[in-house]
Structures are given as C-alpha cells and as structure tokens.
Amino acid sequence: MAKTNLAGNTSGSLDLHGIKTSRDTMLGIIVRKFFKNKLAIFGGVFLIIIISAALLAPVIAPYSPSKQNLLLKLQPPNSDHWLGTDRFGRDVFSRLLYGARISLLVGFASVLGSITIGTFLGAVAGYVGGIVDAIIMRFVDVILSIPSIFLLITLVTIFKPGVDKLILIFALLGWTTTARLVRGEFLSLRSREFVLASKTIGTRTHTIIFSHILPNAMGPIIVSATLAVGYVILAESGLSYLGLGIQPPDASWGNMLQDAQNFTILLKSWWYPLAPGSMILLTVICFNFVGDGLRDALDPKINE
C-alpha cells in the first residue's frame, strides 16, 4: 500500500506492519543504482576477496613470508608453491598475501588521514570564507605547485623509510584535493535555507558545520577517498620499487617487483614479477571501478 502526502504524491510504500520499506529510502536508491553498475560490482567483490585474504594471511599463507631456502630458489609454480618461489627460495604466494596487508594498510590509513585533514580545512575555508579561506587555499596552491613525485621522493629520502612514515607522508601530502572539493561543497551549501535557519535559532558554528552541512557533502568525499586509496597503493608500490618504500624483509607488492627487476629473472622466471604486478594493476583498477560506481550512485542527477 502506498503512502500519499498532502500534495497527492506517493512518497513511499508500507509493509504489512505499516513500516515504510527501504525501497523508497535514499540508501535503497543508492544501493540499487550502485548494483546496476556491473564493473563496480566486480570491483567490490574483488576488493572484498583481497581484503579478506590480507586479514586472514596468517591462516591462509602456507609458508612464512620471510623464510628462505636457497635450494628452492626461482622454482616455477607447482603443487607446493602455487605461485613459485623468489630468488631466495621464499614462497611468492605467502609473500603476496602479507604484501597485501602492508599495501592496503598504507592505502587505507593514509587516505583516512588525508581525508580527515582535507575535510576539516576545506570545511573551515568554505564556511568561514574571507582571509581564512584565502590563507588555506593559497597554502593548497603552494603544495599543488610542487610535483608530487619529487616531493614524495625527497621526504622519503630525508626520513628513514617505514610503514608509519609512509602513511604520515601520504596523509600530509594528499589532503589538498579533498580540501578543495569540500570547500566547493560548503560554498554551495552555506547559503541554503536549512543553514540560514540554524543560524537564526542560534545554533553553534561547529554544530552547523559538522552536523548540518558536512553530512550533505559526504557523497563527493566518499568517492574521492575511494579513488585516493588506489592512487596511494600505486604510489607506495612505485616508491618500494625504487627502494624508497617498504624495506625487506617486510613484503609489499612494490618491493616484490623491485626484487624481481633483474633482467635474467624477468626473462627466465616470468611468474616472479607477474604476481605482484597483476595484484597492483587489478587492485587499483577495482578501486577506480568502485569509485565510479559510487559517484554515479550518489549523484542525484543520474536517474535509476
């Protein structure tokens, strides 16, 4: 049975108990729009599998990721070592699982930090405006004017490479895009009726920012965060490939590629670089698929 409002429009449906079903809720609409995107579904399923495998690495991995056996070096894929072994006789499959833990940790933790910083500064700049907005945005312009790869290499070279330092560096350098995005959303939302009404009744500024305006700007923030995780994983892999990221004996997809860069190994042991390279490629692509799916699902201009 449908529920009709004063204007005569059907605003939802009721189940047998008189409760409005989720079909007409905003969340229900977003979920249906997301699941219509086949690439987003594929990306989401793949990422769930990879994240689950990374979390369960100690249970799934058949060998220790750092255990060496030179008698078994560069073995091709077989029943004992599903993805073969590396030049130190370590099991590639086990190192791939443990490498996923570090690569995903760096990606998620860095983006969480950068999104937090960017959202806060962008919200303040967009809501307050004036000299505060000008100072924050000029600082953003200065950071964006420096090529990110050179800035990353410089900072990583200055500080000893490690998981914690990589997360901190990526978080401190990755907030600028989010800040500009959130600022734009706040400039658009701060003149809306619900914000003006909150000011009229004396609602505190921080309550208006974080309880009234910010929830309405979460869609673009979520999409930006999803896409940023893939970028950070790719950047971490690049730094580790150059020897400036995660250091042995810890495994990451990037330093697995760095370990396999010898031409002789690439020529004779094709399976060695193929596994981490494929995981980097597929993971980044799937994060982009999910980000595109979320962008379409959260955009009210796109019909179901």
Side-chain angles (χ1 to χ4, degrees), residues 21-61 82-83 93 95-116 118-119 167 170-171 174-175 177-178 181-182 185 214-238 251-254 256-257 274-304:
T21 63
S22 62
R23 179 173 177 81
D24 298 301
T25 64
M26 182 63 68
L27 179 60
I29 294 173
I30 292 173
V31 170
R32 289 201 305 276
K33 289 168 69 175
F34 180 83
F35 275 93
K36 284 186 177 182
N37 189 321
K38 300 299 187 295
L39 291 178
I41 295 174
F42 168 77
V45 171
F46 180 84
L47 292 177
I48 290 173
I49 294 174
I50 292 300
I51 294 171
S52 300
L55 293 174
L56 297 174
V59 178
I60 299 175
W82 299 342
L83 296 178
F93 178 68
R95 289 183 63 77
L96 199 69
L97 290 175
Y98 278 88
R101 302 185 85 180
I102 291 182
S103 295
L104 291 173
L105 172 62
V106 172
F108 283 117
S110 300
V111 170
L112 178 61
S114 63
I115 289 294
T116 301
T119 298
I167 291 173
F170 281 125
W175 60 270
T177 301
T178 302
L181 179 65
V182 173
E185 290 293 319
L214 186 58
N216 290 280
M218 286 305 297
I221 295 173
I222 293 172
V223 175
S224 176
T226 305
L227 297 174
V229 173
Y231 167 78
V232 171
I233 290 176
L234 191 62
E236 180 276 321
S237 300
S252 78
W253 293 338
M256 289 178 70
L257 279 177
L274 179 63
S278 299
M279 292 307 302
I280 294 170
L281 176 64
L282 289 173
T283 302
V284 173
I285 288 177
C286 286
F287 270 113
N288 287 335
F289 285 162
V290 172
D292 288 340
L294 288 173
R295 180 191 60 198
D296 295 342
L298 294 169
D299 190 346
K301 298 178 183 178
I302 299 179
N303 296 323
E304 293 186 73

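All values below come from the heavy atoms of this structure, side chains included, with hydrogens, waters and symmetry mates left out. Computed from a predicted structure; not experimentally measured.
Heavy atoms only, all atoms of each residue included: Val106 and Ile167 are closest at CA-CG1, 4.0 Å. Shown here for Leu55 and Pro58, the closest heavy-atom pair between the two residues is O-CD, 3.9 Å. Here the closest heavy-atom approach between residue Ala297 and residue Lys33 is recorded as O-NZ, 3.5 Å. When all heavy atoms are compared, the tightest approach of Val290 to Ala40 is CG2-O, 3.9 Å. The shortest non-hydrogen separation linking Gly107 to Val232 is CA-CG1, 3.7 Å.
Two residues are said to be in side-chain contact when any heavy atoms from C-beta on lie closer than 4.5 Å; Ile233 and Val229 meet this criterion. At a threshold of 4.5 Å between non-hydrogen side-chain atoms, the residues Leu96 and Met256 count as touching. Residues Trp175 and Ile115 form no side-chain contact, since every pair of their non-hydrogen atoms from C-beta on lies 4.5 Å or further apart.
Listed by first and then second residue, the salt bridge (charged side-chain N to carboxylate O under 4.0 Å, His left out) pairs that reach into residues 282-294 are Asp292-Arg295, sequence neighbours excluded.
Legend: residues meeting side chain to side chain contact (heavy atoms under 4.5 Å, CB included) with Ala251, ordered by chain and number and at least two apart, are Arg95. Scored by the side chain to side chain contact (heavy atoms under 4.5 Å, CB included) test, Thr177 finds no partners at all (sequence neighbours excluded). Listed by chain and number, the residues in a side chain to side chain contact (heavy atoms under 4.5 Å, CB included) with Leu227 are Val223, Asn288 (sequence neighbours excluded).
Not one N or O on the side chain of Ser224 forms a donor-acceptor pair closer than 3.5 Å with the backbone of Pro220. Distance alone, capped at 3.5 Å, is enough to place a donor-acceptor pair between the Ser114 side chain and the Val111 backbone.
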Contacts table for residues 97-105: side-chain donor-acceptor under 3.5 angstrom, sequence neighbours left out:
{"residue": "Arg101", "atom": "NE", "partner": "Ala54", "partner atom": "O", "Å": "3.0"}
{"residue": "Ser103", "atom": "OG", "partner": "Gly99", "partner atom": "O", "Å": "3.2"}
{"residue": "Ser103", "atom": "OG", "partner": "Glu236", "partner atom": "OE1", "Å": "3.4"}

Which donor-acceptor pairs under 3.5 Å do side chains of residues 275-286 form with protein atoms, sequence neighbours excluded?
{"residue": "Ser278", "atom": "OG", "partner": "Leu274", "partner atom": "O", "Å": "2.7"}
{"residue": "Thr283", "atom": "OG1", "partner": "Met279", "partner atom": "O", "Å": "2.7"}

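Taking CG from Leu112 and CZ from Phe170, the interatomic distance works out to 15.5 Å, rounded to the nearest 0.5 Å. A distance of 11.0 Å separates NZ in Lys36 from CD1 in Ile41, rounded to the nearest 0.5 Å. Taking CG from Leu294 and CZ from Phe289, the interatomic distance works out to 13.5 Å, rounded to the nearest 0.5 Å.
Using cut-offs of 30° and 60° for the angle between ring planes, the Phe93 and Trp82 rings count as tilted.
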